[in-house]
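Scroll down for the structure; my scribbles are underneath it.
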Protein chains: 2
Amino acid sequence: MSHVDGVPRRVTIGDVARAAGVSPSTASRALTGQGYAAASVKLRVLAAADRLGYVPDDIARSLKRRTSRLVGVVISDLRNQFYADLAAGIEQVLGEAGYQMVLVNDDGDRDRELQGARTLLAMRVPGAIVTPLSPEAGALLTAQGVRVVEVDRQMAQTQCDAVLVDSEHGARAATTHLLELGHRRIAFLIDELEWTTGVGRLAGYKAALRSAKVRFDQKLVARVGFGSGDAATALSTLLDAQPDVTAVFAANNLMASGVWQELQRRRLRVPRDISLVAFDDLPWMTMVQPAVSAVSQPVVAMGARAAELLLARLSGEFTGPPKTDWLTPTFERRGSTRKVSG
Amino acid sequence: MSHVDGVPRRVTIGDVARAAGVSPSTASRALTGQGYAAASVKLRVLAAADRLGYVPDDIARSLKRRTSRLVGVVISDLRNQFYADLAAGIEQVLGEAGYQMVLVNDDGDRDRELQGARTLLAMRVPGAIVTPLSPEAGALLTAQGVRVVEVDRQMAQTQCDAVLVDSEHGARAATTHLLELGHRRIAFLIDELEWTTGVGRLAGYKAALRSAKVRFDQKLVARVGFGSGDAATALSTLLDAQPDVTAVFAANNLMASGVWQELQRRRLRVPRDISLVAFDDLPWMTMVQPAVSAVSQPVVAMGARAAELLLARLSGEFTGPPKTDWLTPTFERRGSTRKVSG
DNA sequence: CTGTTAGCGCGTTCAT
DNA sequence: ATGAACGCGCTAACAG
C-alpha cells in the first residue's frame, strides 16, 4: 500500500547476489571491483545486476564508507551571471570526476550562509566551495573536517585554500587606462568594502592614482548596499555633487548595469560626455553601443580551478599547506573610454 | 592517524544520549520532536547536544527513513541566464522547505541527461525537476518512484507534472504585433524544433500569420544547432537569400543575442531598417539602444512553481492526476519594432 | 514516558 | 576466491 504507483521495492545487492547465486559480499566485490572475485562470477553478478536493473544505494554506501560524493557549493546570487558562471565551472569539473554539486544560495546574507554550512555539515559532504561572506561558515566546516576552498573572495582567518582573481591588478589597469586618457576626476562605485574583492578593487584604484600623482578624493567614492539596484541613484547623487567627474569606474557588474542605466537616463553620451569602465565583463557590455571597456575575469576557469583544487585535496593527491591560486584578469579596452574632453 | 587535522570523530546521537543519561531512542525522540519525551528530559538532551556540538547525520537518517531531503535539478545550461533564473527560483522554494538542490548540467546532451538521472536514482532523491531533453530520463526516474516535474519543456510520454510557459500564445502576440505594423516578411530563428518550446513558438508564429492571411514561407525559417553561436551566421545567410525581410523573430535569448550582433555588424539600424522581437526577455535587452521588444517569461516564478508542485507531491498534500501548470508570458513592446518602411 | 531490539543497504574484516 | 558476521548512525516498533 506504500507502493501505490507500482514501485515495489528497490532492488538491493542482496537480490543481485541471490540471482547470481553468490553471497552479498561477493556481489559487492564483483560490483565495485574492490577485492577478489573470479572472472566468471563477476560476469554472472554483473549480468544479474543489469537484468534486475540494480542501482547501488549511495546513501547506504556513504554511510558505510563515511564519505559521499557530494560537494557543497555556497554562492551569493545565482541570478547574477558572475555566480552562475562560477557554479557552471565548478559543476563541470565536479561532474567529470563523478561528484555532484549541492548548490546553496545565500543571497549575501551571513545567517543564510551559516545555515547553509550547517546543512552541509549534516549532509557529511567531504568538501565545499564557497564565496564567503564571513569567516564563520568556513571555519565551522573546516573545524569538522570538511575541506573548504574559498573562491572569488577570501575570508578565512584560519588558513584554507582559495582561488582568487587579482582585483587590485585589474582595477589598477582600468584606472591607469583612464588616467592615461587624461581623466582626473574618476568616480568609483562599489557595493561592499568588507570583502577582498571590494577592498582590492579600491586599492587598485588608489594605487593607480598614487602612481599618477593624482590626489585620492573620498567624495568620488560612492558606496551602495549589497545587491541593491541603487547604483543608479548613487551615481546620480554623486554626479550632482561632483559635476567635474569625467569618468566612472563601476566596481562590479551590478554597479555597471546601474551606471549604464543612469547615464542613459541622463542622456549623457558615452564616451563623449563621460567615460566608463567596469570590473567584471558581461555579454551585454559588448552588445551595447558603445561597448563597455571592462576588466574581464576568467570566471568559469576560476570555478573550475577551485573544483580541481578541492578534488586534489579530497583524493589526497595534494596535501601541502593551504594555498591561494591567483588568476589574472585582463583589461579589455572598448568604446566607452576616450580622452578627456576640454 | 586518520585524524590528522584534529577532527577526532563526529559526535553521534549515542554520545548525546550518554551525556544526557538516556537511551539513544529517547535522545532521538527529544531531538526530532517525533514521539514522546518528558519536558525535563528533552531539555537535558538538547543541552547535551548543544554542548557537544551534535549535528545529526543526514546520511544515516536518510538510510533509515528511506528518503532524503535532496531534490535533483537537471537543466541544460547554467551559463544561460534563463536556466540560472530557473534554478534560482527552484532553490529558493526548496530551501525554505528545508530541502537542498543537487544541480546537474546536461549541456543539452541526452546522454548526459540520462547519466544525471541515473546518478539521482543512486542518490535516492525523492523528487526531481528537469528541463527534459528526451522522455527517457524522466521515465527512468518515474519508473523508480521518483516524483518528477518537468519545467519549461514537456517531454514525458507517461504523464507527469509540468510547469510551462504558453509559448504559442507569446509567439503569437509578438508576431501579431509585427503584422499589425505592416510587416509581411518576418524571419524566424530557432535552434530546436524537437521540444515543446520550439514547436510552440513556431506554431504561434504560424497562427498569427494565418489569422492575418499572410502566407507562411518556410524559407523565412532559419534553424541552427542547439546552443551554437551561429545564429548570426544563419541570419546572415537568410538575409542574403531573402532581401525583402523587414523583421526578425528570435525564438530565444541565444538567438536574440546572435541576431543583435549580426544586425550591428551589418550596420542595420533597428528599427528603421529592420524590426526585431525576441522570445525570452533578458536584462541586456533594455540596456541596448533601441531596447528590444520581447516576450517576457516569468522564469523565476516558473522555477518556484515547479518546486512548489514537487513539494506538494512529496508531502502527499497534492495527490491528483498529473497536472500541467501554464504560465502566461507578456509581450513587452519596446523600441526595436516599428511600422514597416516603404 | 522510556529502553530494548532490530534493521535500513552496503562494505569490510576475518575465517575458511 | 568466497561467505558469515558485523557495524556505519539513526529511528521505528514494541514492550514495559
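Chain letters run A, B, ... following the sequence lines, proteins first, then strands; residues in each count from 1.
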Taking all non-hydrogen atoms of both residues into account, name the closest pair between L103(B) and L78(B) and its distance.
CD2-CD2, 3.7 Å

Checking V74(B), V130(B), V148(B) against L120(B) for side chain to side chain contact (heavy atoms under 4.5 Å, CB included), the one that qualifies is V74(B)

Separation of K42(B) atom NZ from dT2(C) atom C1', in whole Å?
14 Å

Taking atom P of dC8(C) as reference, at what distance in whole Å does atom CG of D15(A) sit?
11 Å

Which parts of nucleotides 8-16 of chain D does protein reach within less than 4.0 Å, heavy atoms only, written one letter per nucleotide 5' to 3' as B for base, S for sugar-phosphate only and - for none?
BBBBBB---

Only residue of R51(B), R9(B), R10(B) satisfying salt bridge (charged side-chain N to carboxylate O under 4.0 Å, His left out) with D15(B) is R9(B)

Measure the distance from OH on Y36(A) to C1' on dG11(C) and round it to the nearest whole Å.
17 Å

Taking atom OH of Y36(B) as the centre, report whether more than 12 heavy atoms of other residues, nucleotides or ligands fall under 6.0 Å from it.
no

For the helix from dC1(C)-dG16(D) to dT16(C)-dA1(D), what is the angle between the axes at its two ends, each from 5 pairs, rounded to 10°?
40°

Where is the tightest heavy-atom contact between R147(A) and L310(A), given as atom of each residue plus distance?
O-CD1, 3.6 Å

Show the nearest heavy-atom pair for residues L133(A) and E113(A), with the distance to one decimal.
N-OE2, 2.9 Å

Using the rule side chain to side chain contact (heavy atoms under 4.5 Å, CB included), only one of E308(A), M302(A), K323(A) pairs with V163(A); which is it?
M302(A)

Roughly how far, to the nearest 0.5 Å, is CD1 of I75(B) from CG of D106(B)?
8.0 Å

